[in-house]
Amino acid sequence: MSGNVPADPETLARVYRSLRLIRRTEEEIARIYPSDKIKSPVHLSIGQESVSVGVCDNLEASDVISATYRGHAAYLAKGGDLKQMMAELYGKGTGCAAGKAGSMHLVDMGANVLGMSAVVGTTIPVAAGYAFALEREGKGRIAASFFGDGATEEGGFSETLNFASLHKLPILFVCENNGYAIHSPVKQRWATEALCERVRTYGIPATHLGDDNVFTVRDTAEKAVAAIRAGEGPQFIECKTYRWREHVGPAEDYDDGYRTRDELDAWQARDQVAATGAMLNDALRQSIDDEVESQIAEAVDFAEESPWPEPEELYSHVFAD
Ligand SMILES: Cc1ncc(C[n+]2csc(CCOP(=O)(O)OP(=O)(O)O)c2C)c(N)n1
Ligand SMILES: [Mg+2]
């Protein structure tokens, strides 16, 4: 495993805990899904956790993030409430969006997680708008926006880069390049793979990471966040990563013919959850694992036992008060 392993054991334990929580939560979601208790489609981040964890480890609680319909990892890495997330997937009234939104539209403003969207690319300009507000607020808070490789093909992506650079907005753009938009590989969609070169033409410093080593992501994000906080304007990170499961749903899809299991094997060999766990002593790893399991079990119980939303709930959050 490449990358700088952090000297301080607290960081190592914190990063592992976050990775493990996301992985195990999504494995539980995949396990429960066939029971039909989960009422919304699920886009799992299994295999991609380290991008969210490495970036969010550099953010303050008061910083803001945006993400996508594949948003469980970013939501949890930023400190979004797990019980409310699980209840939201179940469509329960205690969910983070009162059971009306499901997995693709998570939100937790208590943790400064902006509402997510199923419409590709749309949360990028929203995050920049929020960064604009944060800049005017003048308290040093920043925004980070997570999106996929496919989202960079949307017009709003380019418009947002230009606006953010022009106004030196305090925003970190994070492209999770998992190589596919649904079943279409990047090679069939991009004239060149030089995404960071394209981004630099907007005057935004951009770093390409060839794999998703969590500590490399963390180090890169640390520098980017420091530059943003110093008032230098936006920064961009493109991180290659890999989605282990199907685009939407709990299963694998290596028989669908658009990608091969060999590709998965190469990424699984450097699984960041396992690799980071292996850096801890057995007793500490076990205690973190146990804690994570009980946190997830509690969240599942909470979702199962929570009431359905009241019919009147249909009319709340429709218009601003
Ligand atoms: C504007 C828009 N166009 C098309 C779709 C259909 N769609 C849903 S997910 C997706 C792929 C997006 O790929 P990427 O941004 O790489 O994210 P990933 O799913 O790989 O995380 C597409 C095309 C959509 N939801 N919104
Ligand atoms: Mg993608």
Side-chain angles (χ1 to χ4, degrees), residues 21-22 24-46 52 61 64-127 129-130 133 143 145-148 151 154 156 182 245-251 292-321:
L21 177 71
I22 298 165
R24 288 290 305 124
T25 297
E26 289 202 314
E27 285 175 348
E28 275 302 280
I29 291 168
R31 186 185 65 78
I32 297 166
Y33 200 78
S35 71
D36 207 29
K37 286 178 176 169
I38 290 176
K39 299 298 179 194
S40 82
V42 290
H43 299 73
L44 301 179
S45 308
I46 293 178
S52 293
V64 171
I65 65 155
S66 81
T68 74
Y69 50 86
R70 195 180 306 289
H72 303 156
Y75 174 99
L76 291 174
K78 184 60 174 62
D81 188 280
L82 175 60
K83 284 182 172 171
Q84 287 184 31
M85 176 182 126
M86 202 58 89
E88 188 58 39
L89 269 59
Y90 273 66
K92 297 294 183 75
T94 53
C96 61
K100 292 186 286 192
S103 160
M104 297 194 285
H105 308 94
L106 299 178
V107 59
D108 184 353
M109 287 311 287
N112 287 308
V113 176
L114 298 178
M116 298 172 191
S117 166
V119 187
V120 172
T122 48
T123 46
I124 308 172
V126 172
Y130 217 96
S145 181
F146 296 89
F147 47 87
E154 291 293 333
I182 312 187
R245 304 280 175 108
E246 59 191 331
H247 168 71
V248 53
V292 161
E293 290 311 308
S294 46
Q295 195 186 340
I296 296 170
E298 248 178 64
V300 172
D301 287 349
F302 176 76
E304 302 237 344
E305 286 158 17
S306 285
W308 297 107
E310 296 298 329
E312 303 80 65
E313 189 60 48
L314 273 176
Y315 301 102
S316 69
H317 303 114
V318 178
F319 299 105
D321 290 331

Determine yes or no for a side-chain-to-main-chain donor-acceptor pair under 3.5 angstrom, with Lys92 supplying the side chain and Ser306 the backbone. yes

Might you point out which heavy atoms bring Leu114 and Val107 nearest each other, and give the distance in Å? C-CG2, 4.1 Å

Using side-chain heavy atoms (C-beta onward) and a distance below 4.5 Å, is Thr94 in contact with Pro307? yes

Does Ile38 reach the side chain of Ile29, with side-chain heavy atoms less than 4.5 Å apart? yes

Taking the side chain as every heavy atom from C-beta outward, state whether Leu89 and His72 have any atom pair closer than 4.5 Å. yes

Check step by step if side chain to side chain donor-acceptor pair (under 3.5 Å) holds for Ser117 and Thr123. CA-CA 7 Å; Ser117 166; Thr123 46; over 6 Å; no

Using side-chain heavy atoms (C-beta onward) and a distance below 4.5 Å, is Val119 in contact with Tyr69? no

Find out whether Met116 and Met104 are in side-chain contact, i.e. whether some heavy atom of one side chain is under 4.5 Å from a heavy atom of the other. no

What heavy-atom pair brings Ala151 and Val120 nearest, and what distance separates the two atoms? CA-CG1, 3.6 Å

Under 3.5 Å: donor-acceptor pair, side chain of Glu28, backbone of Ile296: no

For the residue pair Ser66 and Ser145, what are the closest heavy atoms and their distance? OG-OG, 2.9 Å

For the atom pair CE (Met85) and SG (Cys96), what is the distance rounded to the nearest 0.5 Å? 8.5 Å

Is Phe146 close to Thr68 at the side-chain level, that is, under 4.5 Å between some pair of heavy atoms? no

Side-chain heavy-atom pair Leu76, Leu82 within 4.5 angstrom cut-off: yes

Rounded to the nearest 0.5 Å, how far apart are CZ of Arg70 and OG of Ser103? 9.5 Å

Please find the pair of heavy atoms, one from Lys100 and one from Glu313, that lie closest to each other, and give the distance. NZ-O, 2.8 Å

Can you tell me how far CG of Leu21 sits from CD of Glu26, rounded to the nearest 0.5 angstrom? 10.0 Å

Regarding Lys37 and the six-membered ring of Tyr90, is the cationic atom NZ or CZ under 6.0 Å from the ring centre and inside 45° of its axis? no

Within the distance-only criterion (no hydrogens, no angle test), does the side chain of Glu88 pair as donor or acceptor with the backbone N or O of Gly102 below 3.5 angstrom? yes

Between Arg31 and Glu27 (salt bridge meaning N to carboxylate O under 4.0 Å), is one present in this structure? no

Which atom of Leu44 lies closest to which atom of Ala30, heavy atoms considered: CD1-CB, 4.1 Å

Between Val64 and Lys78, which heavy-atom pair has the shortest distance, and what is it? N-CE, 4.5 Å

Hey, is the main chain of Pro250 close enough, under 3.5 Å, to the side chain of Arg245 for a donor-acceptor pair? yes

Side chains of Thr25 and Met86: does their closest heavy-atom pair fall under 4.5 Å? yes

Run Asp108 and Tyr75 through side chain to side chain contact (heavy atoms under 4.5 Å, CB included) and show every step you take. CA-CA 8 Å; Asp108 184 353; Tyr75 174 99; 3.7 Å; yes

Check ring pair (Phe, Tyr, Trp, His ring centres under 6.0 Å) between Tyr130 and all other residues, then give those that pass, not counting sequence neighbours. none

